[in-house]
Protein chains: 2
Amino acid sequence: MQPRDPARISTTGALHQPEDGRLLRGARSRARIREAARALFQERGFDAATLRAIAARAGMGASSIYRHVRSKHELLVLELADLQEEAWLDFRRQDARTTPTRERIQKFFQSQHELLARHPDLTVIAIRATTYPDSRISARVLALNDRTIGLLAEILQGGRALGDLDPRVDVLAAARALFHGAIGARISWANGLLSEGACRTEIEGTVELLFRGLGRAPNSS
Amino acid sequence: MQPRDPARISTTGALHQPEDGRLLRGARSRARIREAARALFQERGFDAATLRAIAARAGMGASSIYRHVRSKHELLVLELADLQEEAWLDFRRQDARTTPTRERIQKFFQSQHELLARHPDLTVIAIRATTYPDSRISARVLALNDRTIGLLAEILQGGRALGDLDPRVDVLAAARALFHGAIGARISWANGLLSEGACRTEIEGTVELLFRGLGRAPNSS
DNA sequence: GCATTTGTGCGAACAGAATCGCATAGATTT
DNA sequence: AAATCTATGCGATTCTGTTCGCACAAATGC
């Protein structure tokens with residue numbers, strides 16, 4: 001029988017039975033691993049952050065990490081989840097349901113972008129994780145993306161209720177289009193083809209474009 | 001002095017001076033490498049296609065490959081370029097400038113999709129290549145993407161001339177939005193979260209969405 | 001003809017992620 | 001207390017992309 005599944009280590013490092021000394025030790029190890037990983041990802045970037053280095057900083061052998069995590073990319077996913085949480089909190093703090101929909105969307109991308117700008121490396125690697133052979137990893141990143149798309153859809157839905165939007169529009173499809181447009185811009189940015197400002201502008205452009213629509217509109221100015 | 005830069009091996013394997021026996025030999029090797037790579041990518045997928053296996057099938061040692069190619073991903077880029085060329089040819093064969101713009105766009109994505117459907121693996125890995133540490137690789141994939149975006153922009157531009165489109169719209173931005181929307185759908189598809197049909201539908205939906213626009217339109221039905 | 005340069009090939013070696021078998025300490029059962 | 005089970009840890013090993021130093025052969029210059 002398999003002893004234990006290093007399925008996912010909880011973000012908080014919380015433990016199930018605080019009585020069991022083994023589990024407690026494990027939880028502490030997980031916490032140290034996460035700290036080390038975050039720090040090293042930040043300092044050297046994902047690729048340069050060796051698993052051995054992470055292990056060393058966490059005070060253990062490299063192979064031991066695999067007791068807690070299935071792959072290096074899993075550590076990345078955990079970091080991404082935290083980052084997303086942070087971006088959402090930042091957005092929610094300044095968001096008001098009464099603001100015009102287009103503006104709310106723009107604000108959201110700003111919140112997200114401000115955080116990602118501090119972690120250009122993770123932005124790229126997040127996309128790479130999407131192509132990871134182990135579907136458990138790629139699926140989790142895609143799930144994170146879906147959550148963001150869901151939030152965007154929620155905003156759009158609110159806009160529809162307020163009459164900001166054409167009621168016939170597919171809110172989810174629109175959210176996806178917005179999200180993927182942003183990703184596209186960020187890939188260019190993370191590859192140095194776009195400055196941070198240009199990236200932001202391009203994202204804004206995508207939002208404007210979607211809100212205007214391509215088809216010939218009768219209301220001109 | 002550096003002996004020679006394995007910059008890019010020409011798609012056709014053409015040689016500069018057919019007199020030089022060394023260059024000729026090299027060209028032949030390159031051709032064999034490309035054949036082997038294509039076959040093995042197709043048979044086992046990119047990740048499972050070992051460089052040693054490719055080299056063996058090409059009849060040489062693994063390290064020799066690096067005389068002709070800078071990395072495994074470069075082999076991928078070459079394959080992608082060919083695939084793109086093929087998709088374009090297929091599209092151009094059936095395309096007519098008189099068709100409605102929206103329909104032309106849809107047709108293009110169909111052509112492209114039909115080809116990618118036969119290479120789901122490459123579809124994913126192309127995205128991964130976008131995050132490759134060596135910017136020479138990622139830049140080349142992004143350049144391929146930009147070419148596609150350019151074609152889309154060209155179609156849209158034609159549509160604008162015909163009066164199919166709102167003349168105020170940013171054609172390039174629209175092309176980018178379309179392209180990235182398609183990519184997003186394909187990631188889901190390649191990860192098994194979307195059936196091939198659903199992927200196609202989602203792409204079509206993105207096109208429709210962009211052509212309709214999100215903002216409240218006065219012309220309802 | 002001889003030295004030099006250049007394009008190509010090879011086997012050994014390296015680094016990094018991931019796996020394996022064994023060890024051990026804490027918990028559980030009898 | 002003994003036996004067993006379980007969560008954790010570790011060093012050795014495997015697999016893979018890539019680099020290195022050397023060898024060789026075809027071209028070029030003198």
Side-chain angles (χ1 to χ4, degrees), chain A residues 1-7 9 13 15-33 37 40 44-56 58-76 125 128-129 132-134 136-137, chain B residues 1-7 9 13 15-33 37 40 44-56 58-76 125 128-129 132-134 136-137:
Chain A
M1 310 294 161
Q2 293 294 60
R4 176 132 126 96
D5 190 12
I9 65 187
L15 33 93
H16 293 163
Q17 295 98 341
E19 318 90 12
D20 194 330
R22 297 170 304 176
L23 297 177
L24 201 133
R25 188 168 169 221
R28 283 206 238 277
S29 291
R30 280 189 277 280
R32 284 198 326 268
I33 290 172
L40 283 171
R44 315 186 188 171
F46 182 82
D47 286 322
T50 302
L51 214 53
R52 288 171 175 82
I54 297 175
M60 58 200 308
S63 60
S64 302
I65 290 194
Y66 288 89
R67 286 278 173 223
H68 306 282
V69 160
R70 256 193 288 253
S71 70
K72 189 183 175 187
H73 276 79
E74 191 162 307
L75 285 171
L76 173 80
I125 311 292
R128 189 192 296 172
Y132 196 71
D134 179 358
R136 282 168 301 203
I137 291 295
Chain B
M1 311 291 162
Q2 295 292 63
R4 175 133 127 96
D5 191 11
I9 65 186
L15 33 94
H16 293 163
Q17 295 98 339
E19 320 90 12
D20 194 330
R22 296 171 302 180
L23 297 178
L24 200 131
R25 187 167 169 224
R28 282 205 237 277
S29 291
R30 281 189 277 280
R32 285 199 325 269
I33 290 171
L40 283 171
R44 315 185 188 172
F46 183 82
D47 286 321
T50 303
L51 246 149
R52 286 169 173 84
I54 296 174
M60 57 200 305
S63 61
S64 303
I65 289 194
Y66 286 86
R67 286 280 173 223
H68 306 284
V69 159
R70 257 194 287 254
S71 69
K72 189 184 177 187
H73 275 79
E74 189 163 307
L75 286 171
L76 173 80
I125 310 292
R128 190 192 299 173
Y132 197 71
D134 179 358
R136 281 169 302 201
I137 291 294

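All values below were derived from every heavy atom in this structure, side-chain atoms included, with hydrogens, water molecules and symmetry-related copies excluded. Each chain gets a letter, A, B and so on, in the order its sequence line appears, and its residues count up from 1.
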A.B. asks: Among all residues two or more places apart in sequence or in another chain, which pass the side chain to side chain donor-acceptor pair (under 3.5 Å) test with A:Arg32?
C.D. replies: none

A.B. asks: Going 5' to 3' along nucleotides 19-30 of chain D, which nucleotides have protein heavy atoms under 4.0 Å from the base (write B), which only from the sugar-phosphate (write S), and which from neither (write -)?
C.D. replies: B-BB---BS---

A.B. asks: Does C:dG7 have its OP1 or OP2 closer than 4.0 Å to a side-chain nitrogen or oxygen of B:His68?
C.D. replies: no

A.B. asks: Is there side-chain contact between A:Ile33 and A:Met60, with at least one heavy-atom pair below 4.5 Å?
C.D. replies: yes

A.B. asks: State which residues pass side chain to side chain contact (heavy atoms under 4.5 Å, CB included) with A:Arg25; sequence neighbours excluded, sorted by chain then number.
C.D. replies: none

A.B. asks: Rounded to whole angstroms, how far apart are CZ on B:Arg32 and C1' on C:dT8?
C.D. replies: 11 Å

A.B. asks: Residues in ring pair (Phe, Tyr, Trp, His ring centres under 6.0 Å) with B:Phe46, at least two apart?
C.D. replies: B:Phe41, B:His73

A.B. asks: Just jot down the side chain to side chain donor-acceptor pair (under 3.5 Å) partners of B:Arg44, sequence neighbours excluded, or say none.
C.D. replies: none

A.B. asks: Under the side chain to side chain contact (heavy atoms under 4.5 Å, CB included) test, which residues partner B:Thr50, sequence neighbours left out?
C.D. replies: B:Arg52, B:Ala53

A.B. asks: Could you check whether any side-chain heavy atom of B:Lys72 comes within less than 4.5 Å of a side-chain heavy atom of B:Leu76, counting everything from C-beta outward?
C.D. replies: no

A.B. asks: Can you confirm whether A:Ser71 sits close enough to A:Asp134 that some side-chain heavy atom of one is under 4.5 Å from a side-chain heavy atom of the other?
C.D. replies: no

A.B. asks: Short of 4.0 Å, heavy atom to strand atom, which residues of residues 49-56 of chain A count as contacting DNA chain D?
C.D. replies: none

